[in-house]
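Please read these numbers as outputs of a predicted model, since none were measured by experiment. All values below were derived from every heavy atom in this structure, side-chain atoms included, with hydrogens, water molecules and symmetry-related copies excluded. Atoms within each ligand, like the ligands themselves, are counted from 1 in listed order. Position 1 is the first residue of the sequence; numbering continues from there.
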Amino acid sequence: MIPRPLRPLQLWSLPMNEAPSNHALAAQVRIESRAWIDGEAVHARSGRTFVTLNPATGAPLAEIAACAHVDVDAAVKAARRAFEGGAWSRCDPGERKEVLLRFAALLRQHGEELALLESVDSGKTIRDCRNEVAHEVPHFFQWYAETIDKAFGRVAPTGQNTVSMIVQEPIGVVGLIVPWNFPLLMAAWKLAPALATGCSVVLKPAEQSSLTALRLGELAAEAGIPAGVLNVVPGAGEEAGKAIGLHPDIDMVSFTGSGEVGAYLLGYAAETNLKPVGLELGGKSPFLVLENAVITDALIESAVMAAFWNGGQNCSANMRQIVHRRHHEEFVARTVERVKKLVVGDPLDPATDIGAMITSEHRERVMGFLRSGADEGARILLGGIAPQDDPGFFLQPTVFDRMTPGMKIAREEIFGPVLGLMTVDDDDEALRLAVDTEYGLHASVFTRDIGQALRFARSLPVGTVSVNSFSEGSVATPFGGYRRSGSLSRDNGLEALSQYQQTKTIWIDLES
Ligand code: NAD
């Protein structure tokens, strides 16, 4: 079957003489459904496709090229040719910078189109998509572009008859595998530093949300990124993803997604060429309200956003909220009041706070957690109800009180709009509960005592600690997990560059 873009959807009929609505604008966005390999948009070699749905309506959006081993192999060959050719990998970093700045500018120029596409493809709100896709994504490319011509090597201390240089080189052909919850942003987190270092890339978006990644190829070519340097292979994890993991000519893989698939990737590397695998995995992050915290509107806003931003489909969502008994009553009352005001619905409406869940299967999975929480004795303060009978995959937010550490909802990543409250009698107990998890991605701590904030920050085995806020940092700050939340690699910040580089020593004897 030949892939063909389907028009989004029946939703939008534009009344005459009315300013174009987001629905009308989304209906006009061009959908690219082919892979991008060696500088061209191509169908899967098998001709196979898969259908992607609009999570807000359940209706088909496009039939996308279903890439498999043979397509990944073609992409790797193109990437290798480009890498060995040196036009990108060995050019003056200042040239790569100029091209990446043009790429950032083009992404900005196409920001609204990409934001609309991301929203209909993933069910994310247009408000978040505008921020992430139209604003943050170009900023990432700009930031790494501006970094790369200022990254110096080093000279080691030696005797005077020797010069020893330590230089960083691009690792080669890298495979990037990303999830559906922040489709283009997660791709940019990895692509921007990988391209800046001079690597060639084979990117696999999640099958539920491929469309914005598929627009990257053409924009990259327009910016001047040489053919073969950026390849995008949509397809199933078991096919295109596994083919990347097992490919003997891919030099490293950087992955964001579930721990289960992260473990497969380590296995694939062990079976093949021992490629390094960077892992950014799940979380079960705590949100601590300590005894001397003050319950302000800002704290409540942080608590609510920490649990419900992106419908809770967020690796660093702080759904485990651990609150000192002194604050319990006020915290519960104000949190529930704020959550009631969250608008769940049409992702394209700028007033919407929570769009659609990514798929009906994922919503079912989250509903299973709601049932389990109730069965195990947590008290539902809000939500917990079956979704309304509509074709989209919406789910109202749920707040549980009296969650206890042994409950399934307190231990496993839910990845949905659920907040669970645990009440403690002192701050030591709060710390004990916070660390009682196999994950270590993120934690928020609320206290008025800076000494206590720093003690907690140093004691929590997590990659990011936010004090008196819910924040994941910025492009400048590394992001990644301790424990089962990730490997030693980090996305973002200058640290991300080293994922895609190797260190070489050049030792020169001046006497011989
Ligand atoms: P997932 O692991 O199911 O899929 C992620 C990617 O892996 C997709 O592109 C998928 O197609 C691919 N994949 C699936 N099976 C594969 C296989 N056998 N071989 C190779 N690739 C395969 O995860 P998801 O459901 O898309 O995303 C949700 C998960 O991602 C959550 O656990 C979340 O916490 C995590 N996440 C982590 C971060 C972080 O930075 N730590 C950020 C966002 C999401």
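Contacts of Glu260 with ligand 1, taken as heavy-atom pairs under 4.0 Å, are absent altogether. The proximity of Asp491 to ligand 1, defined as any non-hydrogen pair under 4.0 Å, does not occur for either the backbone or the side chain. Looking at Tyr264 against ligand 1, only its side chain comes within 4.0 Å, counting heavy atoms. In Phe415, the part holding a heavy atom less than 4.0 Å from any atom of ligand 1 is the side chain. Using a 4.0 Å cut-off between heavy atoms, Gln208 makes no contact with ligand 1 at all. If you look at Pro205 next to ligand 1, the close heavy atoms, those under 4.0 Å, all belong to the backbone. Under 4.0 Å from ligand 1, not a single heavy atom of Ile244 appears.
For the pair Met407 and Arg411, the minimum side-chain heavy-atom distance is 4.5 Å or more. Looking only at side-chain heavy atoms (C-beta outward), Thr256 and Ile177 stay at 4.5 Å or farther from each other. Between Val178 and Leu203, the closest side-chain pair of non-hydrogen atoms falls below 4.5 Å.
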Cut-off 3.5 Å, no hydrogens considered: what does the side-chain donor-acceptor table look like for residues 354-361, sequence neighbours left out?
unit_1: Thr359; atom_1: OG1; unit_2: Glu361; atom_2: OE1; d: 3.4
unit_1: Thr359; atom_1: OG1; unit_2: His362; atom_2: N; d: 3.0

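Every atom of ligand 1 is numbered from 1 in the order shown, and the set under 4.0 Å from a heavy atom of Gly282 is 32 (O), 34 (O). Set against the non-hydrogen atoms of Val178, the atoms of ligand 1 under 4.0 Å away are 6 (C), 8 (C), 9 (O). Residue Thr256 has at least one heavy-atom neighbour below 4.0 Å for each of these atoms of ligand 1: 5 (C), 36 (N), 37 (C), 38 (C), 39 (C), 40 (O), 42 (C), 43 (C), 44 (C). Heavy-atom proximity to Met186, at under 4.0 Å, picks out these atoms of ligand 1: 42 (C). Residue Glu238 has at least one heavy-atom neighbour below 4.0 Å for each of these atoms of ligand 1: 18 (N).
Comparing Gly480, Gly257, Cys315 by heavy-atom distance to atom 42 (C) of ligand 1, the nearest is Cys315. The residue among Pro179, Gly283, Gly237, Gly481 with a heavy atom at the shortest distance from atom 19 (N) of ligand 1 is Gly237. With distances taken over non-hydrogen atoms, the option nearest atom 34 (O) of ligand 1 out of Glu280, Glu413, Glu207 is Glu413. Among Val261, Leu441, Asn181, the residue whose heavy atom lies nearest to atom 15 (N) of ligand 1 is Val261. Between atom 40 (O) of ligand 1 and the options Tyr268, Phe479, Phe182, the minimum heavy-atom separation is to Phe479. Evaluated by nearest non-hydrogen atom to atom 23 (O) of ligand 1, the leading choice among Ser258, Ala213, Ser210, Gly259 is Ser258.
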Let's go through His247 and Thr272 carefully: what are the C-alpha distance in whole Å and the side-chain angles of both, what is the deciding distance for side-chain hydrogen bond (donor to acceptor under 3.5 Å, both in side chains) to 0.1 Å, and is it a yes or a no? CA-CA 7 Å; His247 204 291; Thr272 53; over 6 Å; no
side-chain hydrogen bond (donor to acceptor under 3.5 Å, both in side chains) between Asp491 and Gln499, worked out: CA-CA 8 Å; Asp491 283 333; Gln499 267 200 70; 3.2 Å; yes
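In summary, Arg130 and Glu112 engage in a salt bridge, as defined by a charged side-chain N under 4.0 Å from a carboxylate O. At a threshold of 4.0 Å, the pair Arg215-Glu218 counts as salt-bridged, since one of the basic side-chain nitrogens sits closer than that to a carboxylate oxygen. Between Glu280 and Arg490 there is no salt bridge, since no side-chain N of the basic residue sits under 4.0 Å from a carboxylate O of the acidic one. Glu301 has a carboxylate O that lies under 4.0 Å from a charged side-chain N of Arg338, or vice versa, which qualifies the two as a salt bridge. Taking 4.0 Å as the cut-off between side-chain N and carboxylate O, Arg365 and Glu413 do not count as a salt-bridged pair.
Geometrically, ligand 1 and Lys204 share a nitrogen or oxygen pair separated by less than 3.5 Å.
In terms of protein heavy atoms, atom 41 (N) of ligand 1 is closest to Leu281 O, 2.7 Å. Annotation: atom 7 (O) of ligand 1 to nearest protein heavy atom, Phe255 CE1, 3.3 Å. Counting protein heavy atoms only, atom 12 (C) of ligand 1 is closest to Ile177 CG2, 3.7 Å. Summary of contacts: the protein heavy atom closest to atom 20 (C) of ligand 1 is Gly241 C, 3.2 Å. What sits closest to atom 26 (O) of ligand 1 on the protein, heavy atoms only, is Trp180 CD1, 2.9 Å.
Cation-pi contact between Lys408 and Phe369: present, with separation from the ring centre below 6.0 Å and deviation from the ring axis of at most 45°.
A distance below 6.0 Å separates the ring centres of Trp180 and Phe415.
The salt bridge (Lys or Arg N to Asp or Glu O under 4.0 Å) test with Asp38 is passed by exactly one of Arg80, Lys77, Arg81: Arg81.
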